[in-house]
Peer 1: 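Okay, handing you the structure first.
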Amino acid sequence: MTRRPDGIRGTTITGTGMYVPDRVLTNDDLSRLVDTSDEWIVERTGIRERRIAAPDQASSDLALIASRRALAMAGVDPADVDHIMVATTTPDRILPSCACTLQQKLGGTRAAAYDMFAACTGFVFGMGIARGLVGSGIADTVLVVGVETLSRIVDYTDRNTCVLFGDGAGAAVLQACDTGVGVHAVDMHSDGELGEVLEVPAGISRNPASDDTVAGREHFIRMQGKKLYPFAVRSMAEATQRCAEQAGWDPSEIDLLIPHQANLRIIEAVRERLGLPAEKVYVNIDRYGNTSSASIPIALDECVRGGRLKPGDKLGLAAFGGGATWGATVMTWTLPLERARRAAAAPGAVKATVS
Ligand code: UT7
């Protein structure tokens, strides 16, 4: 394995996996709960349906299936993972972390397991941290998971938010590779000034749970969508541009961009800013809605198992979310098509539906 002159190793993705719950919630279903319509939701967001976790499914249950699939593709035993990083806004509980619960379900006690709260940007931040761990030699194998059961914190009386969000999990295994391929750049940012644009007002130290917070529906997501919209377009486009620059690419050279799936119009605007044709930008928001930290790894796994990525392809991932947080990463894909094909054909594999 080659190293840079300073000893830094390359870092790449060696396995991906995803899982979405079986239950489908359609736009028509929602129009029976709030004053909305399939026409409004499709036109303003591109969403047609989303998945909802069963009552007995918590985030760690979704994460477990996605993680097992990613580890199987990578050929890694769960006991050999060094770090388990779970990006989520909806852990099973505040204590213990979702990552520790996932570790217990996967088996093995070797990994350092911890959650990351970076909202929809969590998976991209996870990629950045994993690159630092693997590149420096602190870790050989890092499992990065994005998982959400947002249906548990969505207010199904609020039409501004309930039409947008869905449940699901995606995972990736990151390991060392030759320099010159794998992850070239990661761009990570936050701006706490924008904190109140997307929030869950109560439940922890600022506003502990009480009868009043429950009666005020303060444990649910509140969002000022209009304020987030322009920020989303600008932040994802600029972060991708910065990463491409660091890699020495023009953004239009990217073969596949997987943006956070928050709104089809946001994705289209980012695509235009980067000068990419529609076929180079992956979209699955119509089927899953916004699954926050899970949206990018779910989409990535669909692309991998669907044969959309071959070694040498230039891949970009870009996200924005509550906090506010935003970031991107670009990499040269290394996973052989054959490995992805074998994983897709394995018993219990996710049926890839690639648009
Ligand atoms: O992962 C990060 C999470 N956040 C986001 O991704 C949010 C980014 N923002 C957006 O995606 C868009 O701003 C929304 C999809 C949330 C809203 O779209 P918009 O085009 O910005 O609509 P709007 O907020 O300007 O609302 C237009 C109208 C309003 O009615 P009035 O005041 O013009 O009479 C809303 O009350 O649409 C109304 N409206 C709805 N109507 C039917 C809002 N939600 C709905 C709904 N069905 N579900």
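Basis for what follows: all heavy atoms, side chains included, without hydrogens, waters or symmetry-related copies. Atoms within each ligand, like the ligands themselves, are counted from 1 in listed order.
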Peer 1: Any nitrogen or oxygen of Thr45 lying under 3.5 Å from a nitrogen or oxygen in ligand 1? Just yes or no.
Peer 2: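 Among all N and O atoms of Thr45, none is under 3.5 Å from an N or O of ligand 1.
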
Peer 1: Could I get the full list of ring-ring contact (aromatic ring centres under 6.0 Å, His included) partners for Trp249, not counting sequence neighbours?
Peer 2: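 Result, ring-ring contact (aromatic ring centres under 6.0 Å, His included) vs Trp249: His184.
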
Peer 1: Name all pairs fulfilling the side-chain hydrogen bond (donor to acceptor under 3.5 Å, both in side chains) condition that reach into residues 193-213, sequence neighbours left out, sorted by first residue then second.
Peer 2: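 The answer is Thr213-His219.
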
Peer 1: Looking only at non-hydrogen atoms, find the nearest pair between Ser97 and Ala113 and report the distance.
Peer 2: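 For Ser97 versus Ala113, the nearest heavy atoms are OG-O, 4.2 Å.
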
Peer 1: Among all the protein's non-hydrogen atoms, which is closest to atom 14 (C) of ligand 1, and how far away is it?
Peer 2: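 Nearest neighbour among protein heavy atoms for atom 14 (C) of ligand 1, to 0.1 Å: Asn263 ND2, 4.4 Å.
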
Peer 1: Side chain or backbone, does Tyr229 bring an N or O within less than 3.5 Å of an N or O on ligand 1?
Peer 2: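 No - when backbone and side-chain N and O of Tyr229 are compared with those of ligand 1, no distance drops under 3.5 Å.
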
Peer 1: Is any side-chain N of the basic residue among Glu245 and Arg242 closer than 4.0 Å to the acidic one's carboxylate O?
Peer 2: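 Between Arg242 and Glu245 there is no salt bridge, as every charged N stays at least 4.0 Å from the carboxylate O atoms.
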
Peer 1: With atom 45 (C) of ligand 1 as the reference point, say which of Trp40, Phe165, Phe320 has the nearest heavy atom.
Peer 2: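 It is Trp40 whose heavy atom sits nearest to atom 45 (C) of ligand 1.
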
Peer 1: Run the salt-bridge test on Glu268 and Arg271 with the 4.0 Å N-O cut-off and return the result as yes or no.
Peer 2: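 Salt bridge between Glu268 and Arg271, a charged N being under 4.0 Å from a carboxylate O: yes.
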
Peer 1: Does ligand 1 have any atom sitting under 4.0 Å from a heavy atom of Asn290?
Peer 2: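 The answer is yes: ligand 1 sits under 4.0 Å from a heavy atom of Asn290.
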
Peer 1: I need the minimum non-hydrogen distance between Pro311 and Leu337, along with the two atoms involved.
Peer 2: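 The answer is CD-N, 4.2 Å.
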
Peer 1: Using side chain to side chain donor-acceptor pair (under 3.5 Å) as the criterion, point out the one residue from Thr12, Thr14, Asp313 that pairs with Thr334.
Peer 2: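 Among the candidates, only Thr12 passes.
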
Peer 1: Less than 4.0 Å from atom 4 (N) of ligand 1, is there any heavy atom belonging to the protein?
Peer 2: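 Under 4.0 Å from atom 4 (N) of ligand 1, at least one protein heavy atom found.
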
Peer 1: Within the protein, is there a heavy atom lying under 4.0 Å from atom 8 (C) of ligand 1?
Peer 2: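 Looking at atom 8 (C) of ligand 1, one finds that a protein heavy atom does lie closer than 4.0 Å.
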
Peer 1: Can you name the closest pair of heavy atoms from Leu62 and Pro21 and give their distance?
Peer 2: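 Heavy atoms of Leu62 and Pro21 come nearest at CD2-CG, 4.2 Å.
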
Peer 1: As a check for students: among Arg44, Met223, Glu39, Lys226, identify the option with a heavy atom nearest to atom 16 (C) of ligand 1.
Peer 2: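 The residue whose heavy atom sits nearest atom 16 (C) of ligand 1 is Met223.
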
Peer 1: Within the structure, does at least one protein heavy atom fall under 4.0 Å of atom 48 (N) of ligand 1?
Peer 2: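 Yes, because at least one protein heavy atom sits under 4.0 Å from atom 48 (N) of ligand 1.
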
Peer 1: What protein heavy atom sits nearest atom 18 (O) of ligand 1, and how far away is it?
Peer 2: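 Looking only at protein heavy atoms, the one closest to atom 18 (O) of ligand 1 is Arg265 NH2, 3.5 Å.
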
Peer 1: Under 4.0 angstrom from ligand 1, any heavy atom of Cys120?
Peer 2: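 Cys120 counts as a contact of ligand 1 under the 4.0 Å cut-off.
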
Peer 1: Would you call the rings of Phe320 and Phe231 parallel, tilted or perpendicular, where under 30° means parallel and over 60° means perpendicular?
Peer 2: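 Ring orientation of Phe320 relative to Phe231: perpendicular.
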
Peer 1: Could you tell me which atoms of ligand 1, counted from 1 in the order shown, lie closer than 4.0 angstrom to a heavy atom of Thr36?
Peer 2: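 Once the distances to Thr36 are compared, the set is 42 (C), 46 (C), 47 (N), 48 (N).
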
Peer 1: Please report which non-hydrogen protein atom sits nearest to atom 6 (O) of ligand 1, along with the residue it belongs to and the distance in Å to one decimal place.
Peer 2: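 Here the closest protein heavy atom is Ala262 CB, 3.2 Å.
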
Peer 1: Within the 4.0 Å heavy-atom shell around Val163, which atoms of ligand 1 are there?
Peer 2: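 This gives 48 (N) as the contact atoms.
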
Peer 1: Starting from atom 43 (C) of ligand 1, what is the nearest protein heavy atom, named by residue and atom, and what distance separates them?
Peer 2: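 Looking only at protein heavy atoms, the one closest to atom 43 (C) of ligand 1 is Asn160 OD1, 3.3 Å.
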
Peer 1: Under a 4.5 Å cut-off applied to non-hydrogen side-chain atoms, are Val20 and Tyr288 in contact?
Peer 2: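 Yes, close enough: below the 4.5 Å cut-off.
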
Peer 1: So for ligand 1, is Gly225 a polar contact partner (N or O within less than 3.5 Å, distance only)?
Peer 2: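 Between Gly225 and ligand 1, an N or O pair is found under 3.5 Å apart.
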
Peer 1: Protein heavy-atom contact under 4.0 Å for atom 34 (O) of ligand 1?
Peer 2: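 False for atom 34 (O) of ligand 1.
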
Peer 1: Could you tell me, atom by atom, which parts of ligand 1 come under 4.0 Å of a heavy atom of Leu228?
Peer 2: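 So the atoms of ligand 1 that pass are 4 (N).
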
Peer 1: Which residue, Cys120, Ser292, Ser295, forms the side chain to side chain contact (heavy atoms under 4.5 Å, CB included) with Gln261?
Peer 2: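 Looking at Cys120, Ser292, Ser295, the match for Gln261 under the side chain to side chain contact (heavy atoms under 4.5 Å, CB included) is Ser295.
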
Peer 1: If I apply the N/O under 3.5 Å rule, does Arg159 come out as touching ligand 1?
Peer 2: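 For ligand 1, there is an N or O atom that lies under 3.5 Å from one belonging to Arg159.
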
Peer 1: Is Asp167 salt-bridged to Arg50, cutoff N-O under 4.0 Å?
Peer 2: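 No, no charged N to carboxylate O under 4.0 Å.
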
